[in-house]
Amino acid sequence: MKHDCHYHPGDPAKWHCSECQIHYCSRCMPDVDNRGGQGACPRCSRNLRYLGSATEVEPFWNRIGAFFRYPFHTDPLMVIAICTLVPLALSANLIGLVVSLLLAMALLKYTYAVINHTAEGHMAPPPVTTAFSGEGFSIVFLQLLVFIGMGALVTGAAMLGGPLLAMLALALVVLTLPASIMVLAMERSALAAINPLHLVGLIARIGWPYFLLYGYLVLLTLASGAAQDFALTHFSPWLAGTLAGFLNSTFTLILFHMLGYLLFQYQEELGFASDLQDEEGPQETSQRDPSQRLDADIDMDLKDGHYDRVQGALISALKKDPDNRQRLEQLFRLLTARNDNRELYRHHIALLGWLADTHNGAGVADLLARLQPLSPSLKLDDPELAERCARCLYHQGEYRKALALLQDFHKRFPDSHSLAPAYVLAAQILANGLDQWEKAAAFLGFVKKRCPNHPLHSQVDDYLQQVARREPLKGPRATFTISD
């Protein structure tokens with residue numbers, strides 16, 4: 001059974017908590033290696049069971065084309081060529097027989113390497129050296145023992161029950177042969193590969209897809225036999241032998257690759273975990289961003305309805321990094337969604353600063369409206385913040401709210417460098433927004449008289465001429481900052 005992530009339906013699960021019975025995907029566990037990393041459950045802190053690619057692997061019946069292309073990669077082609085052509089070039093003597101036998105063993109060893117390589121998640125074939133290295137030839141002798149054991153089983157059935165029981169035993173052997181090959185590849189035990197309990201158990205855990213694959217294998221075997229028979233019938237003996245050997249080796253590799261893929265596809269049911277090893281993906285880094293863990297926890301807590309926990313985590317994060325825009329946005333959205341105006345008031349300075357930085361006039365207006373019942377005479381004690389918020393409100397069309405933030409600015413911040421831009425902005429609001437030209441001229445006159453050394457002083461005369469002509473006051477929109 002394939003599982004989706006509990007928190008992200010549609011995303012395949014990578015980990016499972018047996019205590020909480022929850023499946024997690026990679027987005028839930030960003031701080032854990034995505035290829036076999038041991039993670040702890042975010043809920044109960046117990047170790048998670050890694051599922052590998054069991055929940056996201058493509059079903060084998062959708063990869064038939066890939067199976068047939070598999071033997072035509074460079075490495076398997078070299079193995080097929082060596083194991084097929086070299087025996088044909090040897091003399092029919094003892095040395096030729098020994099070399100041919102060794103090459104046949106190398107080919108069988110390579111096919112079992114294909115099963116294990118595929119079951120581990122490698123969709124590219126193993127290297128050619130795998131077939132001819134000195135290790136791993138024991139699998140050939142184990143396979144021979146398996147065939148001897150199966151033959152003994154059929155013979156014993158014939159001796160005990162006659163031809164009918166022998167036919168039933170033979171049918172059972174043929175039906176369980178793919179399962180036997182897979183068990184032998186996994187456990188490297190001839191006894192396990194002929195143990196009926198092992199074979200039936202594997203078939204039961206895989207279920208009906210085993211019989212579907214079995215049907216494919218039967219068709220594959222028939223196709224291989226027909227192709228070889230055609231070659232032997234229509235070509236010269238040397239060419240026919242070459243083609244027959246090539247086709248037999250090719251179809252064998254396809255068959256064993258399919259068996260390995262079936263193990264990979266049903267790894268969860270079979271009790272192991274593998275991941276796709278040959279696909280390009282994001283590189284794992286030794287240093288992970290701790291904020292990703294917090295983002296995942298926030299996402300899961302929100303979906304679980306643990307809003308107080310999310311709020312506490314965001315406030316703690318902002319104590320460490322007060323200017324973190326992402327956390328400020330998350331806190332603002334959470335508090336407004338919860339209509340928690342008291343908490344908004346407690347953090348309104350930082351939130352207004354973030355809203356002003358992002359030029360979010362609608363957000364500034366909404367926050368001030370929420371704060372007004374709690375503090376009807378709310379005044380911002382930071383002159384720069386007051387001017388920036390007023391500018392956002394002006395561009396949002398909230399003219400009177402913007403003027404309210406600038407009220408008595410010269411009395412509250414007489415020596416502030418923000419005085420000149422604040423009152424030029426007030427003039428813009430009065431002239432362009434409220435059509436109060438005389439008041440706009442008064443504010444500009446105040447700036448000309450009170451702020452002779454400010455960079456804006458040289459532009460005030462131009463603004464006054466625009467006011468006199470009742471033209472829109474084209475003062476600095478958002479280009480002028482406190483650092484100018």
Side-chain angles (χ1 to χ4, degrees), residues 60-61 63-115 118 125 128 131-132 139-140 143-144 146-148 150-151 154-155 158 163 166-167 169-181 211-262:
F60 74 85
W61 50 84
R63 287 181 54 87
I64 301 301
F67 292 140
F68 279 88
R69 291 192 298 270
Y70 186 84
F72 297 98
H73 290 80
T74 302
D75 290 297
L77 273 179
M78 292 178 64
V79 173
I80 292 173
I82 293 172
C83 295
T84 300
L85 298 179
V86 171
L88 295 175
L90 296 175
S91 302
N93 52 30
L94 181 60
I95 295 177
L97 179 63
V98 171
V99 172
S100 298
L101 180 61
L102 289 175
L103 289 176
M105 294 172 62
L107 179 62
L108 182 59
K109 175 193 169 188
Y110 187 76
T111 57
Y112 270 95
V114 166
I115 288 185
T118 305
V128 64
F132 306 106
I139 192 69
V140 177
Q143 182 65 79
L144 180 61
V146 169
F147 285 145
I148 292 174
M150 289 181 170
V154 175
T155 303
M167 290 297 294
L170 180 61
L172 178 64
V173 166
V174 172
L175 180 64
T176 59
L177 181 59
S180 174
I181 293 173
F211 299 99
L212 177 61
L213 179 70
Y214 189 86
Y216 279 117
L217 298 183
V218 170
L219 293 176
L220 194 64
T221 303
L222 293 175
S224 174
Q228 293 178 58
D229 181 69
F230 180 85
L232 294 171
T233 304
H234 293 80
F235 300 105
S236 63
W238 184 89
L239 181 58
T242 302
L243 287 175
F246 176 83
L247 291 171
N248 180 63
S249 300
T250 299
F251 279 99
T252 301
L253 284 181
I254 294 172
L255 184 151
F256 276 68
H257 179 46
M258 292 177 75
L259 294 178
Y261 193 86
L262 190 67

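Each residue takes its place number in the sequence, starting with 1.
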All N/O donor-acceptor pairs, side-chain side in residues 106-113, below 3.5 Å, sequence neighbours left out:
| from | atom 1 | to | atom 2 | distance (Å) |
| --- | --- | --- | --- | --- |
| Lys109 | NZ | Thr130 | O | 2.9 |
| Lys109 | NZ | Ser133 | O | 2.8 |
| Lys109 | NZ | Ser133 | OG | 2.9 |
| Lys109 | NZ | Glu135 | O | 2.4 |
| Tyr110 | OH | Pro126 | O | 2.7 |
| Thr111 | OG1 | Leu108 | O | 2.5 |
| Tyr112 | OH | Gln143 | OE1 | 2.0 |

Can you tell me how far apart CG (Leu220) and CZ (Phe251) are? Round to the nearest 0.5 Å.
5.5 Å
If I compare all heavy atoms of Ser224 with all of Leu247, which pair ends up nearest, and what's the gap?
OG-O, 4.2 Å
Mind checking whether Cys83 and Phe132 have side chains closer than 4.5 Å, heavy atoms only?
yes
What's the verdict on side-chain contact (heavy atoms from CB on, under 4.5 Å) for Ile254 and Met258, showing C-alpha distance, side-chain angles and the deciding distance?
CA-CA 6 Å; Ile254 294 172; Met258 292 177 75; 4.1 Å; yes
Does the side chain of Leu175 come within less than 4.5 Å of Tyr214's, by heavy atoms?
yes
Return the minimal non-hydrogen interatomic distance between Val174 and Pro178, and the atom names on each side.
O-CD, 3.8 Å
Measuring only between side-chain heavy atoms, which start at C-beta, is Met150 closer than 4.5 Å to Ser180?
yes
Hey, what do you get for CG (Leu259) to CD1 (Ile115), rounding to the nearest 0.5 Å?
5.0 Å
Give, for atom CG of Leu144 and atom CD1 of Ile139, the distance between the pair rounded to the nearest 0.5 Å.
12.0 Å
Phe68 vs Thr250 side-chain heavy atoms within contact, under 4.5 Å:
no
Of all the heavy-atom pairs spanning Val140 and Met105, show the shortest one and how long it is.
CG2-O, 3.5 Å
To the nearest 0.5 Å, what is the distance between CZ (Phe67) and CG (Leu255)?
10.5 Å
Under a 4.5 Å cut-off applied to non-hydrogen side-chain atoms, are Pro125 and Val114 in contact?
no
Can you tell me how far the CG atom of Leu97 sits from the CG atom of Leu101, to the nearest 0.5 Å?
6.5 Å
Does a side-chain heavy-atom distance below 4.5 Å link Phe147 with Leu177?
yes
State the CG-CG distance between Asn248 and Leu243, to the nearest 0.5 angstrom.
12.5 Å
Closest heavy-atom pair and its distance - Thr233, Asp229:
OG1-O, 2.7 Å
Hey, can you pull the donor-acceptor pairs under 3.5 Å for the side chains in residues 73-80, sequence neighbours left out?
| from | atom 1 | to | atom 2 | distance (Å) |
| --- | --- | --- | --- | --- |
| His73 | ND1 | Tyr70 | O | 2.9 |
| Asp75 | OD1 | Val128 | N | 3.1 |

